[in-house]
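Down below is the structure, laid out as structure tokens.
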Protein chains: 2
Amino acid sequence: MPRMTAEERRESVIRAAMSEFARGGYHGTSTEAIARRVGVSQPYLFRLFPGKQAIFLAAANRCLEETRLLFEEACKDATSPDEANRMMAEAYLVDTDPEQLLFQMQIYVAVASAEAAGDHEFGRTIRESWLEFWDSVHLSLGADQEETTEFWAYGMLINTLLSLGFPADHRVWAGFHTTKPL
Amino acid sequence: MPRMTAEERRESVIRAAMSEFARGGYHGTSTEAIARRVGVSQPYLFRLFPGKQAIFLAAANRCLEETRLLFEEACKDATSPDEANRMMAEAYLVDTDPEQLLFQMQIYVAVASAEAAGDHEFGRTIRESWLEFWDSVHLSLGADQEETTEFWAYGMLINTLLSLGFPADHRVWAGFHTTKPL
DNA sequence: CGAGTAAGTTAGTGGCTACTCACTAACGAG
DNA sequence: CTCGTTAGTGAGTAGCCACTAACTTACTCG
């Protein structure tokens with residue numbers, strides 16, 4: 001069993017948590033499952049993070065940040081807003097791990113649940129990360145508010161269809177005027 | 001304590017389940033919470049339904065059906081696809097209980113979780129209900145696949161922004177070219 | 001009235017889960 | 001070598017959860 005620094009372990013935990021939370025969501029994922037995937041004892045997680053929610057939060061921020069960076073990378077050579085749009089859309093459908101898209105959905109509902117339970121701090125943090133993401137996309141697309149909204153709208157529909165488990169050749173995917181999904 | 005027929009009770013359970021599951025999702029909601037809201041003992045739920053998942057499924061199907069009927073009602077007097085679009089969009093933002101939109105999100109991620117856990121029957125049932133919904137909207141809008149897709153895309157973005165808890169006057173809502181949300 | 005039936009409860013159980021405490025093993029510096 | 005620090009574990013605990021079994025209460029109809 002290789003020894004790691006606490007920081008490296010935290011990194012492993014975040015990766016594992018992203019996968020596990022993507023599948024089960026916040027309440028449907030046990031810290032046990034995350035620890036098993038990391039290859040570490042379950043109580044040790046609580047020395048690396050103050051609690052389960054902190055693990056989820058770290059994973060969520062990482063997920064939003066990574067997708068944002070993917071977009072920024074994808075459209076960096078675009079010469080027009082329209083081309084940026086196409087490049088980012090393709091990156092979303094082709095280069096993004098489906099797990100990350102499912103995890104996005106889990107993040108969104110986790111915020112709603114936390115909010116309903118009276119925890120507003122959690123949502124505040126996620127919204128902040130998410131707005132950075134939104135603004136980054138907005139900037140990449142040029143300055144049109146409505147177009148950015150449309151871009152996000154299609155993105156959220158993709159997440160939903162994926163979450164519902166419709167295969168790539170199903171007719172619900174036929175109405176996209178951009179690239180077909182994987 | 002008024003006595004009801006089993007069928008009436010099942011109805012109450014479905015209403016209560018829709019509210020509770022909307023807040024907590026499948027794993028974050030206890031049957032205890034549902035029973036408390038109904039005003040009935042928790043074990044009695046298992047005489048009305050075979051299990052927790054059956055309750056969720058009944059509530060989910062009801063949610064999708066009700067939103068579908070709301071749309072059909074909203075656009076029944078429309079004279080053009082464009083007018084139908086506007087009427088349905090407004091109905092979604094104004095007349096739909098936000099709880100129902102949150103519950104929709106919970107349904108979507110619940111399917112993903114069930115699928116990941118090896119339960120494909122659950123998703124199959126939900127997808128069936130959801131396709132009826134999709135087709136109903138498609139029919140109301142006229143025969144254009146791409147326009148239906150766009151309509152759904154905006155709907156899913158609305159669900160997401162609501163789930164994330166952005167207030168109605170936040171700038172992320174500004175890019176919608178239809179009615180402003182409540 | 002009385003007896004069957006359907007609505008509803010109380011008490012309980014086994015299993016899981018987040019989190020704690022006390023401990024051990026490896027590494028690095030002097 | 002040794003001693004302090006840091007990575008990591010094993011054993012537990014209190015609480016919650018879905019679900020069961022056995023019982024009680026109310027309505028209904030002959």
Side-chain angles (χ1 to χ4, degrees), chain A residues 1-60 106 110 113-114 116-119 121-122, chain B residues 1-60 106 110 113-114 116-119 121-122:
Chain A
M1 304 297 172
R3 278 288 262 239
M4 289 184 191
T5 68
E7 212 44 61
E8 284 170 327
R9 274 296 185 212
R10 259 185 281 266
E11 185 60 31
S12 308
V13 170
I14 288 174
R15 306 302 316 176
M18 282 170 64
S19 280
E20 290 296 328
F21 281 130
R23 292 178 196 281
Y26 183 77
H27 291 287
T29 301
S30 64
T31 56
E32 173 79 40
I34 297 170
R36 204 181 311 124
R37 188 179 275 250
V38 176
V40 94
S41 71
Q42 180 261 359
Y44 189 48
L45 295 185
F46 295 91
R47 200 162 287 204
L48 298 171
F49 292 89
K52 185 185 182 183
Q53 189 178 281
I55 299 177
F56 187 90
L57 200 58
Q106 300 285 5
S113 294
D119 177 4
E121 190 55 26
F122 180 75
Chain B
M1 303 296 173
R3 236 129 125 152
M4 292 185 191
T5 68
E7 212 45 60
E8 285 170 326
R9 275 295 186 212
R10 259 184 281 267
E11 186 61 29
S12 309
V13 170
I14 288 174
R15 308 300 317 174
M18 281 170 65
S19 280
E20 291 295 328
F21 281 129
R23 292 179 197 280
Y26 183 76
H27 291 288
T29 300
S30 65
T31 55
E32 172 80 41
I34 297 169
R36 204 180 313 124
R37 188 179 275 251
V38 176
V40 93
S41 70
Q42 178 262 356
Y44 188 49
L45 295 184
F46 295 90
R47 202 164 285 201
L48 298 170
F49 293 88
K52 185 186 182 181
Q53 198 189 63
I55 299 176
F56 188 90
L57 200 59
Q106 300 285 6
S113 293
D119 178 4
E121 191 55 26
F122 180 74

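Labels below follow one simple rule: chain letters A, B, ... track the order of the sequence lines, proteins then strands, and each chain is numbered from 1.
Across the protein-nucleic acid pair, A:Phe46 atom CZ and C:dT20 atom C1' stand 10 Å apart, rounded to whole Å. Note: CZ (B:Phe49) to P (D:dA18) measures 15 Å, nearest angstrom. Put simply, CD on A:Glu32 is 14 Å from P on C:dC19, counting in whole angstrom units. Atom NE2 in B:His27 sits roughly 16 Å away from atom C1' in C:dA18 (whole-Å rounding). Taking atom CD of residue A:Glu8 and atom P of nucleotide D:dT6, one finds them 16 Å apart after rounding to whole Å. To the nearest angstrom, P of C:dT17 lies 17 Å from CZ of A:Phe56. Between A:Tyr44 atom OH and D:dT6 atom P the separation is 11 Å, expressed in whole Å. Nucleotide C:dC19 holds its C1' atom 14 Å from the CG atom of A:Leu48, rounded to whole Å.
Of the candidate nucleotides D:dT9, C:dG8, D:dC17, D:dT9 has the atom lying nearest to any side-chain atom of A:Ser41. Nearest to the side-chain atoms of B:Thr31 among the listed nucleotides D:dT6, D:dA18, D:dT9 stands D:dA18. Ranking C:dT17, D:dC17, D:dC19 by closeness to the A:Ser30 side chain, first place goes to C:dT17. Listed candidates were D:dA18, C:dT9, C:dA18. Nearest to the side chain of A:Lys52 is C:dA18. If you check D:dA18, D:dA7, C:dA18 against the side chain of B:Gln42, the one that comes closest is D:dA18. Comparing atom distances between the A:Pro43 side chain and each of D:dT6, D:dA18, C:dC21 picks out C:dC21 as nearest.
Side chain of B:Thr29 to main chain of B:Glu20: a donor-acceptor pair is present (N/O by atom type, distance under 3.5 Å, no hydrogens or angles).
Relative ring orientation between A:Phe122 and A:Phe56 is described as tilted, the plane-to-plane angle lying within the 30° to 60° band.
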Worked verdict on A:Leu57 versus A:Phe49 for side chain to side chain contact (heavy atoms under 4.5 Å, CB included): CA-CA 10 Å; A:Leu57 200 58; A:Phe49 292 89; over 6 Å; no

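Applying the side chain to side chain donor-acceptor pair (under 3.5 Å) test to pairs two or more places apart or on separate chains, those with a residue in residues 42-53 of chain B are B:Thr31-B:Gln42, B:Gln53-B:Asp119.
With values rounded to the nearest 0.5 angstrom, B:Gln106 atom CD is found 8.5 Å from A:Gln106 atom CD.
Mapping B:Arg47 and B:Gly51 onto DNA chain D by nearest heavy atom places B:Gly51 at the nucleotide closer to the 5' end.
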